[in-house]
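Read through the structure below, which is laid out as structure tokens, and then see the notes.
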Number of protein chains: 2
Amino acid sequence: MRKSRQRDAILDYIKCSTEHPTADMVYESVKQSIPNISLGTVYRNLNQLVDEGFITVVETSDKKVHYEGNLNEHIHLLCKECCNITDVFRKTEVPDVYEETGFKIQSQKTVYYGICKKCLNT
Amino acid sequence: MRKSRQRDAILDYIKCSTEHPTADMVYESVKQSIPNISLGTVYRNLNQLVDEGFITVVETSDKKVHYEGNLNEHIHLLCKECCNITDVFRKTEVPDVYEETGFKIQSQKTVYYGICKKCLNT
DNA sequence: AGTAATAACAGTAATCATTACTACTTATAA
DNA sequence: TTATAAGTAGTAATGATTACTGTTATTACT
């Protein structure tokens, strides 16, 4: 991967952001320092940064991919009403989440990402 | 929610499926018993069934929503190569997953779904 | 430093999963 | 049994993402 001003700006913004920006939010923000950056460039670099493991993605029900720069293991609180994503870094036990954040848990989901048996043997 | 032959067939298919079908897979399958069912009907009912809590969704990187009828708490193994989703129901500890399933875990994600503080007070 | 090779870019067109819309049909409550 | 409104089929529209094309910029090698 070569060095590029555009990708540096994109990565920088995501790494510093506390929210979980979408491609469009990245585009709007980076446009302030690189006015003629292309939306296609943003998408291409986001995909590249995910592939290379510099950032990760979070899916919500708003049908847009959200990006995240904090790679430390943590839990996401995902509001079904407003789609807001909140990070919880402390090893807070489930019953304590409500007291500490005011977030009412209704369900949970745990996903392990990796390579399945079949793809490992290919 | 009224009774409808289309929705019954859709729910039935998802509840019986061991894979995690997409809207299109549901459409193709239900079409065998209701040949003139509309894809729009499938989407509308899937959203309704999710809203009413009869089924849930699983997101992969293939940009399609996958549906799931098994509401028992379990873990998903999501292959980054082929996007296959495998369910793990036993409380298998992370180190044991590989031995039991051949799935090589690279990262994990835990999400709690619910209502945030702000939306609760509205 | 000069240059060739090619990764990356801007701008725009295309894709495709999902949603919205419309006129018709059917479940169900009174 | 009939009114009403939820549900449907079929199709058009939307919108996030990707693909494409001609140009620019990085980097490895003389």
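As the structure is a computational prediction, the values presented were derived from the model and not from experiment. Letters A, B, ... are given to chains in the order of the sequence lines, protein chains preceding strands, and every chain is numbered from 1.
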Whole angstrom is fine here: how far is it from [atom1] in [X] over to [atom2] in [N]?
X      : N       : atom1 : atom2 : answer
E59(B) : dT17(D) : CD    : P     : 13 Å
Y27(B) : dA9(D)  : OH    : C1'   : 10 Å
I37(A) : dA8(C)  : CD1   : P     : 14 Å
L11(A) : dA8(C)  : CG    : P     : 14 Å
R5(B)  : dA6(D)  : CZ    : P     : 21 Å

Sugar-phosphate, base or nothing in reach of R7(B), heavy atoms under 4.0 Å: sugar-phosphate
Sugar-phosphate, base or nothing in reach of N47(A), heavy atoms under 4.0 Å: sugar-phosphate
Distance test, side-chain N/O of [X] to OP1/OP2 of [N], below 4.0 Å:
X      : N       : answer
T41(A) : dA10(C) : yes
S4(A)  : dT26(D) : no
Q6(A)  : dA25(D) : no
R44(B) : dT8(D)  : yes
Q48(B) : dG7(D)  : yes
Y43(A) : dT17(D) : yes

Aromatic plane relationship, H74(B) with F89(B) - under 30° parallel, 30 to 60° tilted, over 60° perpendicular: tilted
Between E19(A) and H66(A), a side-chain donor and acceptor under 3.5 Å: no
